[in-house]
Structures are given as C-alpha cells and as structure tokens.
Amino acid sequence: MKVEILRGKEHIGGNIIKVTEGETAILLDCGAMLPVIGEAKVEDVFDMGRIGKVDALFLSHHHGDHSGLMEKLSPEVDLYTTVETVTFMDKLDMYMNRPLRTRGRAVHSLFDGESVTVGSLTVTLYITEHSAEGSAMFRVEGGGKTLLYTGDFKHSLNIPRGVDLLITEGTMLTRDGQAYADEDGVEMAFRRVFRETEGRVFVLTSSANLPRIRSVISARNHDCPDEIRYTNYSYSSGDAPRPIMQDVFLKYILENTGHKELAAPYAFIWNQFSDSRNKAYDRIAKHYCDTNAAASCRRINDLSRAVVFIRPTMVDMLEKLINEGMDLCDDTLVFSMWRGYEKDPNVARLLTLFDKFGVHPTYIHTSGHADAAHIQELINNVNPRRIACIHSENSAMIEEIAGEIPVEKADVIEL
C-alpha cells in the first residue's frame, strides 16, 4: 500500500491524501486551503493533475478544507461519505445558487461501521465527534496493510486496534487549552448567561456548527415550560422566555438537514430579496415571508430578551439597527468561535460596536478538534505501528505524545 500526503502537512486544512494498492487508487478528502483571516479570499491553485487517476473519494465531512476541491474531480470518481455530509453540501450548494458538488457523481452513503470494497481496497467508515455533523474516520485495508485516517475529530471512539499507519489531525497541538472541555460545559455556561443577562443574548457562531446550536437551544429550553418549548410562539415578547432569532440561511439549513427542532419558528431577513433575480435566496426568503415564517431584522430591536444568532457578516445590519435606536446596554455578546477569528475585520468591527455600549464579549467555546490528551487516547486505543500528523501548524509536535512509535515525516509512505 502506498500513501501519498499530497497536501495537509504544516498547515491547517487543505487535506488531500491518495492511497494506492495495485491498480486501485482512492482519495481521503479533497480539501481547499482555508482563507487567511483578515486577507481577501483567493482561488485555490492546487494542481489537480498531481492527483492522477482515482477510483473513489472518501470524504470525512463537509467543511471546505476537506471538501472544497471535490467539484474539480472528474464526475467518474465515486463519492463515499455519510448521509449528513451529502445532505449539508447539497443544501448549501442549492442556497448559494451554485452547481451541486454531487451532481453527475455516483454517491454512496455509508453508516457507522459499514465497509465497502473498491478494487483491492476495503474501507470502513466510523462516525466520530466534530463540529460538523456526520464526520467520519476511515480505516483502509489492502495488500495485508491497514491505515486509519482520522479526518477532524474531538474524541476517539471504538476503533479496532492494530493499524500499520495512523494519520491523525493535530490542530490543537499548537493551541492553548480550552476553558470548556465539551458541549456539556458549553451548555452550562450558556445557562448562566441566560440567567444573568437582562437583555438580549447575541451568539456569534458558525451556522454549520450544529452541536453548538443544539447547546444554545438546549440551554434556552432548560427553564422553558414544556407547553411552549417546542411550539411556534409568536413574536410578541410575552409569549415565551427568550425567543430564538435566526436568519433565513440558518433556518433553511436547520429545516432541510433534519433539524427542524432547532429551527426558530420565524427567521429574520437582513438582506433584501428580489422577485426578479430568481436566485435561491430570493425564493427562500419570499417563501418564508409568504408563509409568515420570516420578519424584518427590525424585530431584533422589538424583542428585548431574544437569543439572536449572528455571523461576522451581519455587522452592517447591526449598525443600521443601532442607528435606528437599538440599545445594547443590557445585552450580552457571546463569542462562540475560535478566538483567532478576532483578527477578521468584520469581527473586529462587531466587537468595537458592542464595546461602545460597554458590552465586552463573553467567550464560550469548545473546539471540535482533539487536544493532545485525546490524540494520546486515540494512539493508545488504536496501537499503530507508525504515525503521521497532518492538519497542524507544527506536525513535529506529535512526537511529544507518540512515545516510542515512529513518526513518519515523508509525504510518500510505503506500507
């Protein structure tokens, strides 16, 4: 078995790994490089010709640094991944009004522990915990050798012991420890914020981080009576404690990826939509309005105790609402993302905006990536003969926890 790490070492993201056994070749992820925070987004110029002919792509999850270049692969390359990953990618592509990355391609959904044989390679998928739902590890067997590729993960699960090569992510190796170990800790912290905040709670987080959204909703529901917890309360401020406010995109994603229980009854609209453009956003926003499931973002000003999910790109909307009289003095801003995003210009503007009202961010976040202790736990559980580290700003740091297990530094590894 030949393993080629075509990209992914010494930086976070852009994972592309090719595994070859005899005449069979597969890819483990096909990711684009992450944009540099604070800089303009540029096109990924990776030479796809380096990949050569492959029979299948095994995709660990939908994040762009793992899936972003798959549309450049020939449609003859079959896709193997989880139902959740396919669903999220398709719904996102539809909303963004761009061609489906799965269109024209044979798509095979695998369940936890399910194996598939492609030529001379057998691959088994194992569901794992990450900030993208449906994330997976892959165990690849062929020619009497075995490889385990972790993709992105937070905790190791019940993976069979004994592999010739473990390729693990190492995102957290260069980062400090976390105040919250897991989503349970995050939820408890949100409960405290909800109890202690007189006004609104603005939650700055990724719309793709479903575990985080679930933690926020669960914390909000903790003190909410059963008769209104899961019902479509109206926008009048007295109907429910802390109404949930989500924009059209987040509501659409939640409702169309099997998470209607997390979707707010109403969406707020912060971008104008047009009947004439006939773009997906316009149709979705109009549909929500026509069915009384959306309202103007001015509702944020009307609801003084709402939980409002926001993203950095909404800073112009918030400035407009403030100019129209919205007061943030009694509100809380929860920064529920990696703090490295503070360098993003929109995030910096947003923090400055809240600071004018004396509102300083409350940091409540746990990474979707394994720290050194959990990588060590995986190593102990899997007992690999060799280790390679990718998706890290300093992959050599894996040596500190590998013990006596040899660490592969080459990009091409023969098993």
Side-chain angles (χ1 to χ4, degrees), residues 61-64 82-85 87-89 91-92 95 127-135 152 154 178 180-194 197 200-224 228-233 240-268 270 284 288 293-294 297 300 303 305-314 332-339 341 347 350 361-369:
H61 61 291
H62 64 71
H63 285 164
T82 62
V83 172
E84 294 88 348
T85 294
T87 301
F88 190 95
M89 289 195 305
K91 296 306 178 183
L92 178 62
Y95 186 91
I127 296 293
T128 190
E129 181 183 341
H130 181 47
S131 54
E133 193 156 64
S135 295
D152 288 352
K154 186 172 180 68
Q178 304 182 72
Y180 302 97
D182 51 33
E183 288 296 330
D184 288 340
V186 165
E187 180 182 334
M188 295 301 294
F190 269 102
R191 289 186 190 180
R192 290 193 297 272
V193 167
F194 292 155
T197 301
R200 305 172 196 83
V201 177
F202 290 88
V203 181
L204 179 64
T205 194
S206 167
S207 297
N209 192 343
L210 295 185
R212 183 61 37 77
I213 295 167
R214 186 175 291 109
S215 294
V216 175
I217 301 295
S218 180
R220 176 263 177 193
N221 285 346
H222 179 67
D223 296 319
C224 190
I228 62 174
R229 183 176 298 178
Y230 303 109
T231 58
N232 286 0
Y233 49 82
R242 298 206 177 278
I244 303 295
M245 301 197 71
Q246 301 164 344
D247 75 313
V248 167
F249 172 70
L250 180 51
K251 179 176 171 65
Y252 163 83
I253 287 294
L254 292 173
E255 289 184 340
N256 288 276
T257 57
H259 302 284
K260 288 185 178 181
E261 78 282 1
L262 301 179
Y266 303 95
F268 64 83
W270 61 286
I284 293 166
Y288 282 151
C297 61
I300 297 173
L303 296 174
R305 285 178 53 80
V307 178
V308 188
F309 286 89
I310 58 173
R311 297 187 298 278
T313 49
M314 294 180 183
T332 293
L333 170 65
V334 178
F335 195 109
S336 197
M337 306 169 72
W338 174 51
R339 289 191 63 172
Y341 288 114
V347 173
L350 189 147
T362 298
Y363 296 96
I364 303 176
H365 179 60
T366 186
S367 175
H369 300 274

Practice prompt. Determine, step by step, whether Leu254 and Leu210 satisfy the side chain to side chain contact (heavy atoms under 4.5 Å, CB included) criterion, reporting the C-alpha distance in whole Å, the side-chain angles of both residues, the deciding distance to 0.1 Å, and the verdict.
Written response: CA-CA 8 Å; Leu254 292 173; Leu210 295 185; 3.4 Å; yes
Worksheet item: Quick one: does Leu204's side chain get under 4.5 Å of Pro312's, heavy atoms only?
Response: yes
Worksheet item: Is it true that a side-chain atom of Asp182 and a backbone atom of Gly185 form a donor plus acceptor pair closer than 3.5 Å?
Response: yes
Practice prompt. Please examine the side chains of Val216 and Thr205, heavy atoms only from C-beta on, and report whether any two atoms are closer than 4.5 Å.
Written response: no
Response to the item:
One should read off an interatomic distance between Arg191 CZ and Ser215 OG, to the nearest 0.5 angstrom, of 10.0 Å
Discussion item. Has Gln178 got a side-chain atom pairing as donor or acceptor with Ser367's backbone, closer than 3.5 angstrom?
Written reply: yes
Response to the item:
Closest non-hydrogen contact found for Ala263 with Glu255 is CB-CG, 3.6 Å
Worksheet item: With under 30° as parallel and over 60° as perpendicular, where do the rings of Tyr252 and Tyr95 fit, or are they tilted in between?
Response: tilted
Worksheet item: With no hydrogens and no angle check, is any side-chain donor or acceptor of Arg200 less than 3.5 Å from a backbone partner on Leu303?
Response: yes
Discussion item. Is the shortest side-chain heavy-atom distance between Val203 and Ile213 below 4.5 Å?
Written reply: no
Practice prompt. Report yes or no: does Gln246 contribute a side-chain atom to a donor-acceptor pair with the main-chain N or O of Ser207 at less than 3.5 Å?
Written response: no
Worksheet item: Between the side chain of Ser218 and the main-chain N/O of Arg214, is any donor-acceptor distance below 3.5 Å?
Response: no
Worksheet item: Counting only heavy atoms not in Tyr341, do more than 12 sit closer than 6.0 Å to its OH atom?
Response: no
Worksheet item: Minimum heavy-atom separation for Arg220 to Phe194, with atom names?
Response: N-CE1, 3.4 Å
Fill in: Point-to-point distance, once rounded to the nearest 0.5 Å, from CD1 of Ile284 to CD1 of Ile253
8.0 Å
Worksheet item: Among all residues two or more places apart in sequence or in another chain, which pass the ring pair (Phe, Tyr, Trp, His ring centres under 6.0 Å) test with Phe309?
Response: none
Practice prompt. Sort out for me which residue in Val334, Thr332, Val307 forms a side-chain contact (heavy atoms from CB on, under 4.5 Å) with Thr197.
Written response: Thr332
Worksheet entry | Residue pair Glu187 / Ala219: nearest heavy atoms and the distance that separates them | O-CB, 3.6 Å
Practice prompt. Give, for atom OG1 of Thr128 and atom CG of Asp152, the distance between the pair rounded to the nearest 0.5 Å.
Written response: 9.5 Å
Worksheet item: Could you state the interatomic distance from NE2 (His63) to OG1 (Thr85), rounded to the nearest 0.5 Å?
Response: 9.5 Å
Worksheet item: Does a salt bridge link Lys154 with Glu183, judged by any charged N lying under 4.0 Å from a carboxylate O?
Response: no
Worksheet item: Taking only residues two or more places apart in sequence, or in another chain, which ones meet Tyr180 in a ring pair (Phe, Tyr, Trp, His ring centres under 6.0 Å)?
Response: none
Worksheet, complete the sentence: Nearest heavy-atom approach of Ala264 to Lys251 is O-NZ, 2.7 Å
Item to complete: List the steps, then state whether side chain to side chain contact (heavy atoms under 4.5 Å, CB included) holds for Ile310 with Trp270.
Response: CA-CA 11 Å; Ile310 58 173; Trp270 61 286; over 6 Å; no
Discussion item. Would you say that Arg311 contacts Asp247 through its side chain, given a criterion of any heavy-atom pair below 4.5 Å between the two side chains?
Written reply: yes
Discussion item. Assess the residue pair Met314 and Phe268 against the criterion (side chain to side chain contact (heavy atoms under 4.5 Å, CB included)); give the C-alpha distance rounded to whole Å, side-chain angles, the decisive distance to 0.1 Å, and a yes or no.
Written reply: CA-CA 12 Å; Met314 294 180 183; Phe268 64 83; 4.0 Å; yes
Discussion item. Taking ring pair (Phe, Tyr, Trp, His ring centres under 6.0 Å) as the definition, give me every residue that meets it alongside His62, ordered by chain and number, with sequence neighbours left out.
Written reply: Phe88
Worksheet item: Are the side chain of Arg242 and the backbone N or O of Arg305 linked by a donor-acceptor pair below 3.5 Å?
Response: yes
Discussion item. Testing the basics here: between Ala181 and Thr366, what is the closest heavy-atom pair and its distance to 0.1 Å?
Written reply: O-OG1, 3.3 Å
Worksheet item: CD1/Ile217 to CD1/Ile244 distance, rounded to the nearest 0.5 angstrom?
Response: 4.0 Å
Worksheet item: Which distance, rounded to the nearest 0.5 Å, do you find between the OG of Ser131 and the CE of Met337?
Response: 10.5 Å
Worksheet entry | Residue pair His61 / Ala132: nearest heavy atoms and the distance that separates them | CD2-CB, 3.9 Å
Discussion item. If we ignore hydrogens and angles and just use 3.5 Å, is the side chain of Arg212 paired with the main-chain N or O of Ser336 as donor and acceptor?
Written reply: yes
